[in-house]
Amino acid sequence: MTSPIWHPFTQHGLGEPIPRIIHNEGAALFTDDGRRIIDAISSWWVTTHGHRHPRIMAAIAAQTAKLDQIIFAGYSHEAAEDVARGLLEILPPALTRVFFSDSGSTAVEVALKMALGFWDNRAEDRSRILVMEHSYHGDTIGAMSVGARGVYNRAYSPLLFDVGTIPYPSDAQVTLDALEAACREHPAAFIVEPLVLGAGGMLIYPASVLAEMRAICARYDVLFIADEVMTGWGRTGTLLACEQAGVVPDILCLSKGLTGGSVPLAVTLASEPIYAAHLSDDRARMFFHSSSYTANPIACAAAAANLEIWREEPVAARIADLSARQAARLAALDHPRVVGKRQLGTIAALDIAVEDEGYLSALGPRLSASFRAANVLLRPLGNTIYVMPPYCIDDADLDAVWAAIAAACDIGKSH
Ligand SMILES: *Cc1c(COP(=O)(O)O)cnc(C)c1O
């Protein structure tokens, strides 16, 4: 009997196999038919240290002996306090307030609502959001609205709100001029993925552009929202990608690696003026947002353990080491069809030259099939292949991943 499950971003009509995973550890997934699959994309960009890090698993187990779920409106608990304090210790001091939610998309929705709430509470009529071309911020309606439009949201476009789109910085000056012109019209905020546009194709732009975009927003009092849901937690070589540009956002979204990638949790951090704009004895000015599982204690225990790992284990050294190993393997990949090699920190990406570029490139499914056969979990974005492994991946596994990519370079060659 076929499964009743409707999987995400899956065309069930293609009948592609859906392996059943029964166990995972480090950088490996094990299937019920006895295969070992190398997780080269960190289970969709979430797993940072490795699957089932013992400290995170122990923290989850310990929390289940004390707390499952409690209401977070008007109540608090120790794990949430630990996470909030631990975040303030390692993040820029201008970010003073921590709002919990459950996913990257909701962290973005919260950020957008905070920005509009800020201006509304100050009785200023500013509600327009600026975005960068090719961005991805999640799949809920607001997050889709501030993300790139395409085949993946065409049907829902009547629900999406209008935004101002700044060109991707293939030419930095064009981007900066466009941002400055848009900022003159008093928008509420600019939301951007710092340094790497993930789902848009692992597009990497220079830190200097990020720094200048931040400066322009500051000059025009436009709130700067950094969506570090993917780039956060060391992916780009530093804890935050913003660090590499010396940039501190007004609002910061974190999720994915917040719990080491073990259980769902997200935070949106805000600077004091944004919190202060909502602070009043008037209940009509409060921040009107919650979800049932806000700051779930088990998820918070996992995040607190992740923070402990960052404090006590040589995470930065592991990231530096993986970054160097990725760079070496990317450089060694020599094939006439490989174009656009790029790397930042632990993320390496390349494009396979094809005529039908884009998310629905015919090459994508053929690449996926080839990686499946090699027992490597890679999920090309159209004709773009990227490797974003957990930081614990060893040389043998990393070699196997890059060998699978080299083998896939000849697939679907039209000449
Ligand atoms: C994955 C991602 C999101 C959405 O996070 P979910 O947890 O999948 O909702 C938002 N922004 C960026 C940059 C992401 O990569």
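Read the numbers this way: they start at 1 and go in the same order the structure lists the ligands and their atoms.
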Quick test of your reading: applying side chain to side chain donor-acceptor pair (under 3.5 Å), list the pairs with at least one residue in residues 380-389, sequence neighbours left out, ordered by first then second residue.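 Those involving residues 380-389 are Trp45-Tyr386, Asp351-Thr384.
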
Worksheet entry | Pair Arg128-Glu185, salt bridge (Lys or Arg N to Asp or Glu O under 4.0 Å): steps then yes or no | CA-CA 9 Å; Arg128 190 169 172 79; Glu185 318 217 323; 6.0 Å; no

Any side-chain heavy atom of Leu195 sitting closer than 4.5 Å to one from Thr231?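 No, every pair of side-chain atoms sits at 4.5 Å or beyond.
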
- [ ] Could you tell me whether the side chain of Pro297 reaches within less than 4.5 Å of the side chain of Gln69, counting heavy atoms only?
- [x]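 Sidechains of Pro297 and Gln69: in contact.
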
- Who are the residue neighbours of ligand 1 when the rule is a heavy atom under 4.0 Å from any of its atoms?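 For ligand 1, the residues that come within the 4.0 Å heavy-atom cutoff are Trp45, Ser103, Gly104, Ser105, Tyr136, His137, Gly138, Glu193, Asp227, Val229, Met230, Lys256.
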
Contacts satisfying salt bridge (charged side-chain N to carboxylate O under 4.0 Å, His left out) that involve residues 93-121 (not counting sequence neighbours) are Arg97-Glu272

TODO: With sequence neighbours excluded, tell me which residues meet ring pair (Phe, Tyr, Trp, His ring centres under 6.0 Å) with His53.
DONE: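 Scan of His53 (ring pair (Phe, Tyr, Trp, His ring centres under 6.0 Å), adjacent residues dropped) gives His49.
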
